[in-house]
Amino acid sequence: MSKNIKEPSQSEEVDLGLILNILINTFQNIYNLVGKFFNKIFLLIVWMFFFFKKNIIILLLAVVIGFIYGTYKQKTKLPIYKHITIIKQNYSTGEALYNDIRYYNELILEKDSVVLGKLLNIEPNKAASIVKFEIESIVTNNQKIKKYDNYLKTLDSVASQMNYEAFKKAAKVCNDTNQRITIKAFKKNIFRDVINTVISRVSEKDYFRSMQKKDLEMYSGLEYNIQQSLKASKDLQNVYKTVLTTNSETENSKTQPTIKIDNTNNITKTREFELYNKDNALRNELVKINRKKQNIQNVIDIISSQENHGTLDNSKHFLGLKLSSKYYYSLQSFLLIIFSLFFIKIISFLNKYKDKV
């Protein structure tokens, strides 16, 4: 039996040894690479520690100077007031609205308060007090997912391969129904007139007025047709009631001979009940149409708006953080000094490298 057992050949032993060596070398290279990476990270941390230790006085001085300058700016500059309005777009007004706000901001940068005042129907001195217009979509993630799902239902099987992330990048935020408009100005009693003019300038455009008129006429036509159907149905129900009353009187009559058709009363009652159900469905449709008409009475609806005076806003934004002026300038001067010192280090290193070469 032992003679039948095949002994491993020398070539197989060589192959196994070669594979084992390759695996060992691969793991060794990975280990060395990871070790070098963490070693570089450790050296960088040590270098940064000694860098901050060496320049601690300069960095602290920069923070103090920035804090003092920010405090001075906060006390001496004019206060800025902020007004927020949430709107609902009943038509595709997003492109026009965003373009108008972009144009207002361009006029503010050009300090053209005369043209801006004419557009907003306010005095030039009030227009000159406006600092900035901002607009952004306020759609939640759930609403985006629902919108993506509805979008896929309108496409064929090939086009529906677009994933959610690609859809979010391709979608225009200006087309979202709900938008937040923020106005910042030095004067606090101009916001109501300004926001009303901004909305009316878009709402009064001929294209949107024409679309609104067509929709209202369509819904009015549907209302009229349903009302006529209900009127005809009521007349038909009266006929059925008359037939039922006549049949009842005939059955109760004992002096005259009668000819009775089987199930006539039952058929009449069934048809009357069917008409009653159809009338209920038509009335429900009438309610829905009336609601749709109410929803488009305005091209743009104001969902919520602050009082005319707005709120005080002297904060500044840095990398998504909302900071007061003193902390904003402290951080700004701190980073400015760090980048300056890094730049000096890089120049010094390049000069030394040039000399060696």
Side-chain angles (χ1 to χ4, degrees), residues 1-67 69-70 136-137 139-142 144-145 148-149 151-152 157-173 315-324 326-357:
M1 293 292 293
S2 60
K3 294 181 180 180
N4 295 329
I5 298 175
K6 185 178 180 180
E7 296 182 359
S9 63
Q10 186 175 359
S11 60
E12 290 179 351
E13 292 179 356
V14 172
D15 291 340
L16 291 174
L18 181 62
I19 293 173
L20 184 61
N21 288 332
I22 291 174
L23 290 175
I24 293 173
N25 291 333
T26 301
F27 284 114
Q28 185 67 37
N29 291 334
I30 294 174
Y31 176 79
N32 293 335
L33 183 64
V34 172
K36 288 180 180 179
F37 173 77
F38 282 105
N39 183 56
K40 296 294 183 183
I41 294 295
F42 175 74
L43 292 176
L44 178 63
I45 294 173
V46 171
W47 182 86
M48 291 181 65
F49 171 78
F50 284 105
F51 172 80
F52 283 107
K53 181 180 178 182
K54 181 179 180 181
N55 301 285
I56 186 67
I57 297 177
I58 298 175
L59 295 174
L60 288 177
L61 186 61
V63 170
V64 172
I65 292 174
F67 187 86
Y69 178 75
E136 60 179 338
S137 169
V139 178
T140 63
N141 286 330
N142 289 336
K144 290 180 181 179
I145 293 173
Y148 174 66
D149 183 60
Y151 172 75
L152 292 182
S157 58
V158 177
S160 61
Q161 297 302 318
M162 177 185 289
N163 57 36
Y164 177 61
E165 294 300 326
F167 172 78
K168 286 198 301 182
K169 292 179 180 179
K172 293 183 178 180
V173 295
S315 60
K316 293 183 176 293
H317 295 272
F318 183 82
L319 298 178
L321 299 175
K322 190 176 182 180
L323 305 171
S324 63
K326 50 189 177 182
Y327 296 116
Y328 172 80
Y329 287 108
S330 296
L331 181 60
Q332 192 179 59
S333 60
F334 177 78
L335 294 177
L336 179 62
I337 293 298
I338 286 182
F339 288 134
S340 299
L341 292 173
F342 279 160
F343 182 76
I344 293 172
K345 285 284 185 181
I346 292 173
I347 295 298
S348 176
F349 172 78
L350 292 176
N351 288 332
K352 290 180 180 179
Y353 179 79
K354 184 185 68 174
D355 295 338
K356 290 181 179 180
V357 173

Measure the [atom1]-[atom2] distance between [X] and [Y] for me, rounded to the nearest 0.5 Å.
{"X": "Asn55", "Y": "Ile344", "atom1": "CG", "atom2": "CD1", "answer": "9.0 Å"}
{"X": "Phe334", "Y": "Phe339", "atom1": "CZ", "atom2": "CZ", "answer": "10.0 Å"}
{"X": "Leu341", "Y": "Ile346", "atom1": "CG", "atom2": "CD1", "answer": "11.0 Å"}
{"X": "Leu336", "Y": "Leu331", "atom1": "CG", "atom2": "CG", "answer": "11.0 Å"}
{"X": "Leu335", "Y": "Ile338", "atom1": "CG", "atom2": "CD1", "answer": "6.0 Å"}

* **Partners meeting side chain to side chain contact (heavy atoms under 4.5 Å, CB included) with Ile24 (sequence neighbours left out)** =>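 Ile24 satisfies side chain to side chain contact (heavy atoms under 4.5 Å, CB included) with Leu20 only.
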* Qualifying residues under side chain to side chain contact (heavy atoms under 4.5 Å, CB included), relative to Ile45, sequence neighbours excluded ->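 Applying side chain to side chain contact (heavy atoms under 4.5 Å, CB included) to Ile45 gives Ile41.
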* Can you check whether Leu43 reaches Trp47 side chain to side chain, under 4.5 Å on heavy atoms? ->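 SC-SC contact between Leu43 and Trp47 ruled out.
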* To do: Kindly give the heavy-atom pair with the smallest separation between Ala62 and Ser333, and that separation in Å.
  =>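 Minimum heavy-atom contact is O-OG, 2.7 Å.
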* Scan for side-chain hydrogen bond (donor to acceptor under 3.5 Å, both in side chains) pairs involving residues 27-40, sequence neighbours excluded, and state none if there are none. =>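 Those involving residues 27-40 are Gln28-Asn32.
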* Phe52: ring pair (Phe, Tyr, Trp, His ring centres under 6.0 Å) partners, not counting sequence neighbours ->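 Applying ring pair (Phe, Tyr, Trp, His ring centres under 6.0 Å) to Phe52 gives none.
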* Partners meeting side chain to side chain donor-acceptor pair (under 3.5 Å) with Ser137 (sequence neighbours left out) ->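 Ser137: side chain to side chain donor-acceptor pair (under 3.5 Å) contacts with Asp176.
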